[in-house]
Amino acid sequence: MIDPKLLADRFPGDFTFGVATAAFQIEGATKADGRKPSIWDAFANMPGRVFQRQNGDVACDHYNRLEEDLDLIKEMGVEAYRFSIAWPRIIPDGTGPVNEAGLDFYDRLVDGCKARGIKTFATLYHWDLPLTLAGDGGWTARSTAHAFQRYAKTVMARLGDRLDSVATFNEPWCIVWLSHLYGVHAPGERNMQAALYAMHYMNLAHGLGVEAIRSVAPKVPVGIVLNAASILPGSDRPEDLAAVERAHQFHNGAFFDPIFKGEYPKDFVGALGDRMPVIEDGDLKTINQKLDWWGLNYYMPMRVFDDASKSGDFPWTKEAPPVSDVKTDIGWEIYAPGLKHVVEDLNKRYELPECYITENGACYNMGIVKGEIDDQPRLDYYIEHLGIVADLIKDGYPMRGYFAWSLMDNFEWAEGYRMRFGLVHVDYETQVRTVKKSGKWYRELAAQFPKGNHKAD
């Protein structure tokens with residue numbers, strides 16, 4: 001095991017180490033203080049959608065254990081906390097009246113972080129769309145983009161004076177493809193046209209959100225968090241190399257091109273254009289606004305072969321097998337060089353601002369044995385991937401921070417509570433938190449940086 005002091009020496013003194021969570025995954029209290037249902041509350045309670053129909057009603061009970069959990073973050077020694085804000089708490093119907101009790105909760109969260117010397121990195125949307133908006137079409141409706149604009153303005157008017165950073169969206173790929181084409185996540189659509197509408201209106205919502213944020217909190221750095229695919233060919237055959245480019249346009253370009261170039265990928269639009277929504281004048285200019293930073297979520301690579309049959313929808317590729325049998329407990333291939341590959345590839349394609357690794361981590365489901373959780377494989381995963389981040393910094397890429405996913409075990413979406421990513425173990429029956437071996441190591445790493453234990457302002 002690498003001494004955290006030796007690894008810390010490879011990072012600049014102003015590098016930010018943090019931990020990350022998401023509102024629906026940890027907060028619980030889904031009916032408290034004026035909150036109304038999100039699409040995930042409905043989805044989780046439908047048979048066959050989530051493992052054993054588990055839901056977010058209690059989760060980690062973070063809503064009622066806020067002070068305890070903020071103390072836990074402080075004890076982890078990290079400089080920053082990345083969290084998301086639940087739209088259904090702030091504007092419960094998506095439009096209409098603002099719920100002051102919801103804003104009060106996030107006031108307490110932000111103030112609690114500041115009192116403990118922890119920087120606040122907020123995400124405005126981490127998948128919990130107010131259920132009422134689904135009746136108007138959800139993300140397949142243009143009106144939802146404008147509802148998001150108002151929501152963003154409402155949140156930033158209240159919290160923007162104390163936030164250190166804000167992201168509009170977390171993982172557009174999941175919001176669009178996983179949720180509207182593959183049907184794995186809420187709302188469970190399996191329709192290409194629905195996905196394309198969701199793609200454009202979510203991209204538009206991002207642009208409108210950036211405008212809203214800067215109108216009321218111009219000093220807060222604004223960005224977006226993208227789970228860009230590290231796409232590798234299944235072989236050196238020319239057709240498989242060509243498949244990588246098509247896969248890039250579909251999985252990455254659908255979001256990166258409009259945000260950073262002001263256009264959609266040409267081959268992508270050419271193949272699917274008859275099912276695209278109307279792109280109104282000014283839409284692409286709104287989406288293509290200069291950002292202060294971008295976040296990358298990375299867990300595993302994507303390997304593709306050409307689909308010789310050209311069956312199904314663009315990008316006409318099929319999954320290639322992993323190069324290693326080493327996988328996490330959720331079945332994801334471990335391949336740290338994929339992180340280096342995707343950062344290098346995206347920087348060749350786009351003019352990108354500074355970057356934070358906003359999520360990176362591994363699912364291992366070890367339990368407590370004699371009061372301890374020995375999750376050495378997770379620790380090995382962190383060490384290997386942090387080494388890649390250090391390599392990227394050495395190569396001149398503007399990597400500014402790293403957020404471990406996640407602070408604690410939580411509701412893992414369609415997997416329910418059976419998959420654990422936390423640095424901290426959660427006993428869901430008692431809500432007792434226990435720091436794992438990986439969490440203790442990460443705490444030692446963060447402690448090597450003066451800002452990791454800086455005093456409150």
Heavy-atom distance under 4.5 Å between the side chains of Tyr299 and Phe421, does that happen here? yes
I need the full list of ring pair (Phe, Tyr, Trp, His ring centres under 6.0 Å) pairs touching residues 72-120, with sequence neighbours left out, sorted by first then second residue. Tyr63-Phe105, Tyr81-Phe83, Trp87-Phe148, Trp87-Tyr151
Take Asp427 and Gln431 through the side chain to side chain donor-acceptor pair (under 3.5 Å) test and state the conclusion after the steps. CA-CA 5 Å; Asp427 182 321; Gln431 293 296 337; over 6 Å; no
Would Asp257 and Tyr350 count as a side chain to side chain donor-acceptor pair (under 3.5 Å) here? Give the steps. CA-CA 8 Å; Asp257 279 38; Tyr350 306 99; 2.3 Å; yes
Given Asp409, which of Arg418, Arg378, Arg433, Arg420 fulfils the salt bridge (charged side-chain N to carboxylate O under 4.0 Å, His left out) condition? Arg420
Full working for side chain to side chain donor-acceptor pair (under 3.5 Å) between Asn170 and Thr123: CA-CA 7 Å; Asn170 178 79; Thr123 301; 5.6 Å; no
So among Phe17, Phe121, Phe15, which one has a ring pair (Phe, Tyr, Trp, His ring centres under 6.0 Å) with Phe403? Phe121
Flag yes if more than 12 heavy atoms outside Asp325 fall under 6.0 Å of its CG atom; otherwise flag no. no
Using the rule side-chain contact (heavy atoms from CB on, under 4.5 Å), only one of Ile73, Ile26, Leu423, Val78 pairs with Leu407; which is it? Ile73
Between Val184 and Ser179, is there a side-chain heavy-atom distance shorter than 4.5 Å? no
Tell me whether Arg400 contacts the main-chain N or O of Cys355 through its side chain, where contact means a donor paired with an acceptor under 3.5 Å. no
Among Tyr201, Phe169, Trp177, Tyr197, find the residue that satisfies the ring pair (Phe, Tyr, Trp, His ring centres under 6.0 Å) test when tested with Trp139. Phe169
Taking the six-membered ring for Trp, are Phe256 and Trp294 ring centroids under 6.0 Å apart? yes
Just by modelled atom types, is the Thr95 backbone N or O under 3.5 Å from a matching donor or acceptor in the Asp93 side chain? no
Please report the C-alpha distance between Trp127 and Glu171 in whole Å, then the side-chain angles of each, then the deciding distance to 0.1 Å, and finally whether the side chain to side chain donor-acceptor pair (under 3.5 Å) criterion is met. CA-CA 9 Å; Trp127 309 353; Glu171 298 190 347; 4.9 Å; no
